[in-house]
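Notes for the one structure printed next.
Within every chain, numbering begins at 1; the chains are lettered A, B, ... in the order of the sequence lines, protein sequences first and strands thereafter.
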There are 2 protein chains.
Amino acid sequence: MATIADVARAAGVSPMTVSNVINGHPHVRDSTRAKVLAAMTALDYRVNVAARNLRRGRTGVIGLAVPEVNRPYFAQFAAAIIAAAQRRDLRVSIEQTGATRENELAVLGLSRNRLYDGLILSTVGMGAADTEHLKVPYPVVILGERIFNGPVDHVAMPNAGGARAAVRHLADRGCRRIAMLTGVETTEVGVSELRLTGYRLALQDLGLRYDPGLVQRMDEMSMGAAAERVHAMVTGGLDFDGLFCLTDTAAMGALRALADLAVAVPEDVKVIGFDNIEEGRFLVPSLSTVDPDHQAMAESAVGLLARRIDGGAGHEEFVSRFTVIARESTAV
Amino acid sequence: MATIADVARAAGVSPMTVSNVINGHPHVRDSTRAKVLAAMTALDYRVNVAARNLRRGRTGVIGLAVPEVNRPYFAQFAAAIIAAAQRRDLRVSIEQTGATRENELAVLGLSRNRLYDGLILSTVGMGAADTEHLKVPYPVVILGERIFNGPVDHVAMPNAGGARAAVRHLADRGCRRIAMLTGVETTEVGVSELRLTGYRLALQDLGLRYDPGLVQRMDEMSMGAAAERVHAMVTGGLDFDGLFCLTDTAAMGALRALADLAVAVPEDVKVIGFDNIEEGRFLVPSLSTVDPDHQAMAESAVGLLARRIDGGAGHEEFVSRFTVIARESTAV
DNA sequence: TTGTAGGCGTTATCAC
DNA sequence: GTGATAACGCCTACAA
């Protein structure tokens, strides 16, 4: 529990000099530096981050708010964010919002207590009407579509474009009755709606009729819910030969349900997901998907936030590129 | 950026009274409280956490160091920890160690900067020889076996017991040549060794001969590495009818490799994992596993840490119960 | 019930 | 190249 003052006393210098040594200031005589370093070692000195934060007005911590870390996609994203932050000497504190609007707003409020230097917020429940809430006195990067015109940076996925490509991929492999497994209509520009837009655009491209019966909405994007829904679709006699799932996680559930019902994938139904979670490669059959390049998104989110923390102005938007990854679940 | 002083001025009271209102002290006249609250709202006052931390000597943040959040098991665990911490008004900052000894030690050092009130450390790379490093001036809960006699609490999994039960489960279903997919020998009491102990004990119980050739060690516990290794085992002509995988993640890779080689699961080889990750239920075939009750472990880890933060003494150890979950991969 | 004084540990400023 | 001073915003003790 030694303080700078203790070290200064031991080294026979002033606290300020110790501080200068700690912070690598150039104008310190080598012999002085040596004395100070020796004293620091002897006393096992550690900086008190709270005091430094108070003085500097910064915490060195950024917040990351995601629905739940225990979802492969967000886990992957969180891992990438933490790694990117580490490279910039920032620590990451994670908040779980459960994908609800209230919790997303609560996180914005929390951070106003200067807990974090900045916040990366994955918006799922919030909508355009909540733009006001984004007017907070610290940098925010929204992970999601440009829902808001507020004073925030955005890191977006190519939702519509990726979905469009996924559906085209199914059609290229011969599918004509392509179903989509998506979420409930939350906000007009939520992930579900954007990917649904891509789905519809693809159908148009292909000259296929849009059949609302093929669009299946689920309350919750879990493997279990997806499995149940697909089960119901098949036993209910819905006719489809392709299935585009909103997320890979949902696709995992779908694959399981199809296996239960002895519907062969890809022979009877071809399945494609979205996110490229690591697990997809190892499923049986392995899962075709849209890869939105998390790495680039994470790097960009942290980069934008860091720039803003350092006083950068102007609101930027980053949209990652995507790739369609063809695996067994859509093989011909 | 209003401070307590600003609020006090606006409300016509002293800063101390504002502080009392903020912290819910009882002896404040209602009318005074009302005035203060009004001023706080008007000025949009937010406490400065850095200042409060400095004064209180606490940060309200606990560190959670895991190899990587992007591994289903640790993601699940992290989610549970964060939820448990949230219930106690603690925030969780995550560090990724990559399962290396150096990084685990580095995290211990980091936290000495009073960044966290306490630390939950998942030890993988550290061994008994590192006990010294655990002597840090803040509470630590080790997630892992009682490797150390140091001044720390432990939250342990029933590694040996769970492994023993898993192997017995395979034998009960008719397996006689049971292979184990495990990690490299790191520490004498690492997860790999403990579960291997369970494996050997089970063989003894069953009167089966221990065949070192059936114990397959991998450098890295990933799906990809496991798939490769199992591929090599089969194409190399290794004779086995049961496979106990160190983790469910490894088992996912194993299942994939077996499918590639047209080895039927469970008919030709039965497979069981360890961890009960959520995905296991949805694999094809669904994965039998040992469930170590993460929920209880997480709750207990945060509970122990919170108690220590609040000054509790004495080193406790919590070992969770386990259950063997039988699914398709070990069906008869 | 409310207010005053002081210090938590660090660092920016500016003088020497 | 080094150091004195002051301040970051809050809260514990004590006084009124």
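- In this structure, A/Arg114 has no salt bridge (Lys or Arg N to Asp or Glu O under 4.0 Å) partners at least two apart in sequence or on a different chain.
- For the pair B/Ala301 and B/Val141, the tightest heavy-atom approach, listed with the atom from each and the gap, is O-CG2, 3.9 Å.
- The shortest side-chain heavy-atom distance between A/Ile62 and A/Ile309 falls under the 4.5 Å cut-off.
- Of the residues in residues 49-59 of chain A, those lying under 4.0 Å from DNA chain D by heavy-atom distance are A/Leu54, A/Arg55.
- Between B/Val47 and B/Ile22, the shortest heavy-atom contact is CG1-CG2, 4.0 Å.
- Here the closest heavy-atom approach between residue A/Asp117 and residue A/Gly60 is recorded as OD2-N, 2.7 Å.
- Rounded to whole Å, atom C1' of C/dT10 lies 14 Å from atom CE of A/Met40.
- Nearest heavy-atom pair, A/Tyr116 versus B/Arg91, reported as atom, atom and distance to 0.1 Å: OH-CD, 3.3 Å.
- Put simply, the side chain of A/Ile81 reaches to within 4.5 Å of the side chain of A/Val302, judged on heavy atoms.
- Applying the ring pair (Phe, Tyr, Trp, His ring centres under 6.0 Å) test to every pair with at least one member in residues 32-82 of chain A, sequence neighbours left out, gives these pairs: A/Tyr73-A/His294.
- Residues passing the salt bridge (Lys or Arg N to Asp or Glu O under 4.0 Å) test with A/Asp6, sequence neighbours excluded: A/Arg9.
- With rounding to whole Å, B/Ile4 atom CD1 is found 15 Å from C/dT4 atom C1'.
- Looking at heavy atoms from C-beta onward, A/Val69 lies in side-chain contact with B/Ile82 at the 4.5 angstrom threshold.
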Report each atom pair, protein N/O against N/O of nucleotides 14-16 of chain C, whose distance is under 3.5 angstrom.
none

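- Applying the ring pair (Phe, Tyr, Trp, His ring centres under 6.0 Å) test to A/Tyr138 and every residue at least two apart in sequence or in another chain returns nothing.
- Counting heavy atoms from C-beta on, the side chains of A/Asp153 and A/Glu317 never come closer than 4.5 Å.
- Near DNA chain C, meaning a heavy atom under 4.0 Å away, the residues from residues 8-36 of chain B are B/Val13, B/Ser14, B/Met16, B/Thr17, B/His27, B/Val28, B/Arg29, B/Thr32.
- Scanning DNA chain D 5' to 3' for nucleotides with an atom closer than 4.0 angstrom to a non-hydrogen atom of chain A gives a first and last hit of D/dG1 to D/dG9.
- Taking B/Arg52 as the reference, nothing meets the salt bridge (Lys or Arg N to Asp or Glu O under 4.0 Å) condition, with sequence neighbours excluded.
- A side-chain hydrogen bond (donor to acceptor under 3.5 Å, both in side chains) check over residues 78-89 of chain B, counting only residues at least two apart or in different chains, returns the pairs B/Arg87-B/Glu299, B/Arg88-B/Glu299.
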*Dot-bracket notation for DNA chain C is requested: 5' to 3', Watson-Crick or G-U wobble pairs only, both distances under 3.5 Å, with ( ), [ ], | and . as defined.*
||||||||||||||||
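- Look at CG on B/Leu115: it is 15 Å from C1' on C/dG9, rounded to the nearest Å.
- Qualifying salt bridge (Lys or Arg N to Asp or Glu O under 4.0 Å) partners for B/Glu102, counting only residues two or more places apart in sequence or in other chains: none.
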